Undergrad: 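One structure coming up, written as structure tokens, with questions to follow.
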Amino acid sequence: MNVYDARRMADVLAPLGYAHVETPEDADLIILNTCHIREKAAEKVYSELGRLRQLKGDREDGGDPMMIGVAGCVAQAEGTEMLRRAPYVDLVFGPQTYHRLPEMIARALRAAGETSGPGRGVIDTEFPVESKFDSLPQAVETGPSAFLTVQEGCDRFCAFCVVPYTRGAEYSRPAEDVLAEARRLVEAGAREITLLGQNVNAYHGAAPSGGEWRLAALLEALADIDGLDRIRYTTSHPRDMTADLIEAHGRIGKLMPFLHLPVQSGSDQVLAAMNRQHRVEDYLRIIDQLREQRPDLALSSDFIVGHPGETEEDFEATLALVRQVGYAQAYSFKYSLRPGTPASVMKDAVPDGEKSDRLARLQSLLKDQQQAFNDSFAGLTVPVLLDRRGRGDAQLAGRTPWMQAVHVDFEASSQADAAYGRTVSVRILSAHPNSLAAKPNEVTASTQEAAAV
Ligand code: SAH
Ligand code: SF4
């Protein structure tokens with residue numbers, strides 16, 4: 001979501017004459033787009049700001065002004081505190097106000113002309129009534145694989161999570177807007193679109209002809225767009241995995257057979273403390289129903305270890321759930337206390353050493369599952385959307401339908417050039433923990449044929 005937001009900030013800034021540069025040294029404006037989900041993320045922002053302060057000082061000593069902005073959820077949560085801790089920062093703004101960047105920059109430039117030193121920074125951490133999506137310029141630039149935010153914020157209030165406080169209340173973009181943006185992305189070369197939302201399957205946007213569409217209806221309409229080959233969505237809450245959405249996985253061929261469905265814990269007691277509003281049994285039933293619809297569905301998840309009150313027995317229940325489901329990949333984290341959340345005042349904190357130990361055990365199991373999943377592809381032929389350049393001129397990288405990263409070695413750079421941005425049939429040569437190595441399925445003299453699916 002931050003990648004999407006950063007792209008949109010660049011779209012807002014383009015008419016002002018700003019363009020990307022390769023190094024911070026060359027920039028007139030540096031924006032750190034930040035995440036506040038875990039404590040480490042916030043600390044990283046301050047240490048990065050410390051480095052930029054030096055750079056800004058050097059630049060300004062030479063009479064060349066440079067602006068520093070902090071965007072995203074750390075900015076939203078810290079607000080004025082950020083200007084106190086880092087008074088050289090010029091702009092502090094949250095995830096819901098970046099459409100106002102031109103105005104903020106003008107104010108910051110005026111302030112810099114009038115005063116210098118602390119107290120001149122511009123802050124905008126409001127949750128405006130108008131949606132930023134209504135004021136953003138059209139998204140135009142894209143690679144073969146694009147992100148598209150359809151839903152933001154969250155009303156679920158899991159006990160450990162800051163998202164409802166930093167991103168704000170849940171909001172779904174009207175379906176017509178989403179479809180128009182998707183069509184533009186496809187015209188600009190996107191072949192895959194990943195719909196984004198903090199809780200994307202809670203999507204309930206205004207339908208084109210009145211009423212509301214849930215995510216399944218939106219997916220159905222997107223699947224009708226010619227030239228769009230692949231659709232994904234992330235990230236989902238088990239409680240919003242409705243019957244129509246589960247069925248969509250069987251019905252919509254363009255919907256890729258990979259789902260990120262975070263469960264956080266395999267213990268009902270911990271799930272209750274987390275306020276996840278479902279039991280382990282409900283999660284497993286959803287997985288069964290999904291696999292009935294789409295037998296080749298691969299799954300990924302998020303896990304938190306060491307939530308307040310988690311016992312060794314609770315943790316072992318998480319390991320048991322992982323063994324039962326079998327994941328293609330997953331993200332796992334030590335519980336991180338977020339001030340202001342209900343979990344932050346819960347008793348029975350788990351000691352850090354214990355959290356580290358549990359994380360290592362969980363990650364070892366998840367790593368084995370990921371390796372086994374990747375190993376099962378050795379020798380197979382799979383379609384890969386080649387959306388990135390690889391090492392050297394003759395290598396491209398992309399993803400399988402099941403989200404594995406693949407490096408494809410072509411015989412010549414001309415073949416690689418012809419295949420870029422296309423879905424190509426490749427043969428998997430070897431499997432690694434985080435990627436697969438492959439060659440085009442049929443290497444022929446004709447690059448056209450080599451690039452054909
Ligand atoms: N909406 C998604 C999650 C978005 S946050 C869901 O409900 O599943 C992404 C992930 O960060 C979460 O799934 C969780 O595993 C992790 N996370 C969130 N808050 C955390 C915290 N306080 N400590 C550790 N991990 C956290
Ligand atoms: Fe956070 Fe996800 Fe829970 Fe919302 S549903 S509060 S984003 S963990």
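Remember, it's 1-based here, ligands and their atoms both numbered in the order they're listed. Nothing fancy with the numbering, it's 1 onward along the sequence. Keep in mind the model is a prediction, meaning the values are calculated, not measured. We use all heavy atoms of the structure for the numbers below, so side chains are in, but hydrogens, waters and symmetry mates are not.
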Undergrad: Is there a side-chain contact (heavy atoms from CB on, under 4.5 Å) between H278 and I286 once you walk through the steps?
TA: CA-CA 11 Å; H278 68 83; I286 292 164; over 6 Å; no
Undergrad: Between R285 and E292, is there a side-chain N and carboxylate O pair less than 4.0 Å apart?
TA: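 No.
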Undergrad: Students should be able to answer this: which protein heavy-atom is nearest to atom 3 (Fe) of ligand 2, and at what distance?
TA: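 Among all protein heavy atoms, the one nearest atom 3 (Fe) of ligand 2 is C158 SG, 2.3 Å.
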Undergrad: Just by modelled atom types, is the P433 backbone N or O under 3.5 Å from a matching donor or acceptor in the K367 side chain?
TA: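 No; judged by distance alone, with no hydrogens or angles, the pair does not exist.
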Undergrad: Any non-hydrogen atom of T235 lying under 4.0 Å from ligand 1?
TA: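 It does, in that a heavy atom of T235 comes within the 4.0 Å cut-off of ligand 1.
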Undergrad: Pick, from K334, K40, R156, R38, the option with the minimum heavy-atom distance to atom 16 (C) of ligand 1.
TA: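 Looking at heavy atoms only, R38 sits closest to atom 16 (C) of ligand 1.
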Undergrad: So which bit of F160 gets within less than 4.0 Å of ligand 2, heavy atoms only: side chain, backbone, both or neither?
TA: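 It is the side chain that gets close, since no backbone atom is under 4.0 Å.
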Undergrad: Can you tell me which portion of N199 lies within the under-4.0 Å heavy-atom range of ligand 1? Options are side chain, backbone, both, or neither.
TA: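 Neither; nothing of N199 gets under 4.0 Å from ligand 1.
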Undergrad: Does R338, backbone or side chain, put an N or O under 3.5 Å from an N or O of ligand 1?
TA: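 No - when backbone and side-chain N and O of R338 are compared with those of ligand 1, no distance drops under 3.5 Å.
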Undergrad: Judged on heavy-atom distance to atom 8 (S) of ligand 2, which of R276, R156, Q277 sits nearest?
TA: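 It is R276 whose heavy atom sits nearest to atom 8 (S) of ligand 2.
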Undergrad: Please work out whether any backbone atom (N, CA, C, O) or any side-chain heavy atom from C-beta onward of C154 is under 4.0 Å from ligand 2, and answer side chain, backbone, both or neither.
TA: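 Looking at C154 and ligand 2, just side chain atoms fall under 4.0 Å.
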Undergrad: Does R276 approach ligand 1 within less than 4.0 angstrom via side chain, backbone, both or neither, non-hydrogen atoms only?
TA: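 R276 to ligand 1: side-chain contact only, backbone stays beyond 4.0 Å.
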Undergrad: Output yes when a side-chain donor or acceptor of T142 lies under 3.5 Å from a complementary backbone atom of A190, and no otherwise.
TA: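 No; zero donor-acceptor contacts below 3.5 Å.
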Undergrad: At what distance is the nearest protein heavy atom to atom 26 (C) of ligand 1, and which residue and atom is it?
TA: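 Its nearest protein heavy-atom neighbour is I304 CD1, 3.6 Å.
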Undergrad: I need the contact type for F160 against ligand 1. Using non-hydrogen atoms and a strict under-4.0 Å cut-off, is it side chain, backbone, both or neither?
TA: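 Near ligand 1, F160 shows its backbone as well as its side chain.
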Undergrad: Hey, is H307 one of the residues with a heavy atom under 4.0 angstrom from ligand 1?
TA: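 Contact absent.
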Undergrad: Does the side chain of S131 pick up a donor-acceptor pair with the side chain of D134 at under 3.5 Å?
TA: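 No - no donor-acceptor pair under 3.5 Å links their side chains.
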